Amino acid sequence: MSTTRTAPTPLTGGDVKAPLRGVKGMNDILPPESARWEHFEAVVRGLMARYGYRNLRTPVVEPTALFVRGLGEVTDIVEKEMYSFEDRLNGDPLTLRPEHTAGILRAVIEHNALYGGPLRVWTMGPVFRHERPQKGRYRQFNQLDVEALGNKGPDVDAELILMLRALWRDLGLVEGRDIALEINSLGQADERQAHRAALVAYFEANAAHLDEDSQRRLHSNPLRILDTKNPAMQPLVEAAPTLIDFLGEASLAHFSAVRAVLDAAGLAYRVNPRLVRGLDYYNLTVFEWVTPHLGSQATVCGGGRYDTLIEQLGGKPAPGVGFGLGIERLLLLLEALGLQSPEVAPHAYAVVPDGATMPRVMPVLEALRAGGVAVVLHAGGGSMKTQFKRADASGARHALIFGADELARGEVAIKPLRDAAAVQTTRAIASAHTWAHELLKP
Ligand code: ATP
Ligand code: MG
């Protein structure tokens, strides 16, 4: 079977003289700011290893249908935030992932990865949402996403939450003060159905006070009215029937089991009966970590249980629980609190007065690096004054001076840059591997 395809529209490079700018709401991360990211990523890797979570990576682009099915049609993300487009060459409907969970589940189902039993996985990377950019809200941002699949809970639910507390501590945040936990239970579908009926009746009785968005949602997704950010709607929302009063025994037992672990671990939290999360797929445990330091971008991390989502995406029924954490927001929080990531400075900076000596210098640097020493080479020559200025600015503890006199003796001079009391010494360049470790000392 053959389909007729029109040739794709030619692409253009625009006005060649005009400098190109990045896409609005999408950020570049340059050094030294990138050091904060590297530090965060290193902390996360350590944390995941300690809790037995393994790394899983999926493509940035997925079939659009995955998110429509996974997130629900009547969600902010699907309704108005997705970067969706047709593949120029074959017309396939594609979307830049707006979150990680759907893609992870698609991959797990596609590769039958739950075959051997429960699976704990994490991923980290960019996601895309077409929102109005502001501080803490971007169009490309990064999420750490963690999913525990195949466990009914409530043990893993509680463990995930405690893992986040451990993450805050690793980063120097104080829970309860800098970042606080809110939890709720969304029960099961039939319980939400009963609650939903009560909600619709309540909102219908107060229809005159609903804003436009809420009127539209009244019959399609009344629960989302509770998630409104419109301040004028708050009094109405505050007084609405709460789901917790509709939960049955099993749901309540799950919720108290989660709380019992958190209580025993000494983790304070607020039960927020209004916490519904933005997505349709959650049931039972839902939680958010919020901070008072980021204005209206207060939620750093949110997650919960989604026991029907895997089946909804075409997999064999299996429960799941997970969370997504906004890395930009978390780093903004660390910055707001003055929490610095450890300095990244090389151990040594190589000063090379005469570029013609490079063939003798470079093998020495290679030997030092093989021994674990971080050495920055002053490339391109320049006066000693300039080279020492750069050495200083690099933050290195030592300057390695490959002067003509030193090289004539088969040596390099080692000048301490941070310790005024320490004296300059020399070492043989032929045996760099034997003294490399001396440069590693703080
Ligand atoms: P919000 O209510 O702030 O829009 P959300 O409910 O849409 O958040 P989730 O889908 O739960 O957010 O995503 C998890 C986390 O990702 C959020 O808690 C937040 O830290 C971060 N996040 C969400 N949207 C953005 C964005 N546009 N820019 C930066 N971070 C974001
Ligand atoms: Mg949002």
Side-chain angles (χ1 to χ4, degrees), residues 23-29 36-37 40 44 67 70-72 74-83 95-105 122-147 160-161 164 167-168 171 173 178-184 186 213 217 221 223-231 233 237 272 274-282 285-306 309 321-336:
V23 178
K24 186 177 170 196
M26 305 197 180
N27 301 314
D28 302 309
I29 302 164
R36 289 182 170 280
W37 286 79
F40 174 76
V44 165
F67 302 112
L71 306 180
V74 193
T75 53
D76 279 349
I77 294 179
V78 173
E79 275 186 334
K80 50 191 185 201
E81 295 176 358
M82 293 205 304
Y83 281 90
T95 293
L96 299 183
R97 63 184 180 199
E99 52 100 59
H100 289 292
T101 307
I104 289 182
L105 297 188
W122 68 277
T123 203
M124 204 156 33
V127 299
F128 304 82
R129 297 185 192 177
H130 202 287
E131 301 198 69
R132 194 170 66 77
Q134 51 195 294
K135 195 171 181 194
R137 193 173 292 284
Y138 311 104
R139 292 182 173 173
Q140 172 173 330
F141 63 100
N142 288 269
Q143 283 188 344
L144 163 65
D145 188 274
V146 179
E147 312 288 351
L160 269 181
I161 292 171
L164 283 160
L167 175 60
W168 312 142
L171 294 168
L173 293 170
D178 304 329
I179 191 160
L181 176 64
E182 301 199 346
I183 59 172
N184 190 23
L186 298 185
D213 247 9
R217 285 184 166 153
N221 198 345
L223 211 65
R224 287 302 314 286
I225 299 178
L226 301 175
D227 208 23
T228 178
K229 288 188 172 103
N230 181 354
M233 294 268 303
V237 161
N272 176 2
R274 299 288 167 217
L275 182 63
V276 296
R277 307 276 308 127
L279 305 174
D280 286 351
Y281 54 56
Y282 290 108
T285 318
V286 288
F287 61 88
E288 286 187 352
W289 286 90
V290 295
T291 174
H293 300 290
L294 293 180
S296 52
Q297 270 60 255
T299 309
V300 171
C301 172
R305 179 159 280 285
Y306 47 83
L309 182 56
V321 58
F323 65 78
L325 178 157
I327 302 178
E328 280 81 355
R329 276 189 206 176
L330 179 59
L331 297 187
L332 278 173
L333 174 60
L334 297 177
E335 206 182 329

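Remember, predicted model here, so these are calculated numbers, not experimental data. We count ligands from 1, going down the list as the structure has it; atoms in each ligand are counted the same way.
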Peer 1: Do Gln297 and Arg137 pair up side chain to side chain, a donor and an acceptor below 3.5 Å, judged on atom types alone?
Peer 2: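 A donor-acceptor contact under 3.5 Å links the two side chains.
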Peer 1: For Glu81, check salt bridge (Lys or Arg N to Asp or Glu O under 4.0 Å) against everything at least two apart and list the hits.
Peer 2: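 With neighbours one apart ignored, the set is empty.
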Peer 1: Using a 4.0 Å cutoff against the non-hydrogen atoms of Cys301, which atoms of ligand 1 qualify?
Peer 2: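 Here the atoms of ligand 1 in question are 18 (O).
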Peer 1: So which bit of Gln143 gets within less than 4.0 Å of ligand 1, heavy atoms only: side chain, backbone, both or neither?
Peer 2: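 Under 4.0 Å from ligand 1, Gln143 contributes side-chain atoms alone.
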Peer 1: Numbering the atoms of ligand 1 from 1, which are under 4.0 Å from a heavy atom of Val300?
Peer 2: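 Matching atoms, with element in brackets: 18 (O), 20 (O).
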Peer 1: Is the closest side-chain heavy-atom distance between Arg129 and Phe141 below 4.5 Å?
Peer 2: yes
Peer 1: Return the CG to CZ distance between Leu164 and Phe323, rounded to the nearest 0.5 Å.
Peer 2: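 Output value for this atom pair is 4.0 Å.
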Peer 1: Measuring from Glu335:CD to Leu294:CG, what's the distance to the nearest 0.5 Å?
Peer 2: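 Answer rounded to 0.5 Å: 10.5 Å.
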Peer 1: Please report whether ligand 1 has a polar contact with Phe141, defined as an N or O pair separated by less than 3.5 Å (distance criterion only).
Peer 2: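 The answer is no, given that Phe141 and ligand 1 share no N or O pair closer than 3.5 Å.
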Peer 1: Using a 4.0 Å heavy-atom cut-off, say whether Gln134 meets ligand 1 through its side chain, its backbone, both or neither.
Peer 2: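 Within the 4.0 Å criterion, Gln134 makes no contact with ligand 1.
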Peer 1: Do the non-hydrogen side-chain atoms of Tyr282 and Val276 ever get within less than 4.5 Å of each other?
Peer 2: no
Peer 1: Less than 3.5 Å apart, any donor N or O on the side chain of Asn142 or Glu328 sitting next to an acceptor on the other?
Peer 2: yes
Peer 1: Just to check, does Arg129 reach to within less than 4.0 Å of ligand 1 when the distance is taken from its heavy atoms?
Peer 2: yes
Peer 1: So for Lys229, does at least one of its heavy atoms come nearer than 4.0 angstrom to any atom of ligand 1?
Peer 2: yes
Peer 1: Can you list the residues that meet the ring pair (Phe, Tyr, Trp, His ring centres under 6.0 Å) rule with His130, with sequence neighbours excluded?
Peer 2: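 If we apply the ring pair (Phe, Tyr, Trp, His ring centres under 6.0 Å) test to His130, skipping adjacent residues, the hits are Tyr83.
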Peer 1: Relative to atom 8 (O) of ligand 1, which among Glu288, Arg329, Gln297 owns the nearest non-hydrogen atom?
Peer 2: Arg329
Peer 1: Which of the atoms of ligand 1 are close to Glu131, meaning less than 4.0 Å from one of its heavy atoms?
Peer 2: 24 (N), 25 (C), 26 (C), 27 (N)
Peer 1: Side chain, backbone, both or neither: which applies to Thr299 and ligand 1 if a contact is any heavy-atom pair less than 4.0 Å apart?
Peer 2: both
Peer 1: Has ligand 1 got any nitrogen or oxygen that is less than 3.5 angstrom from a nitrogen or oxygen of Glu328?
Peer 2: no
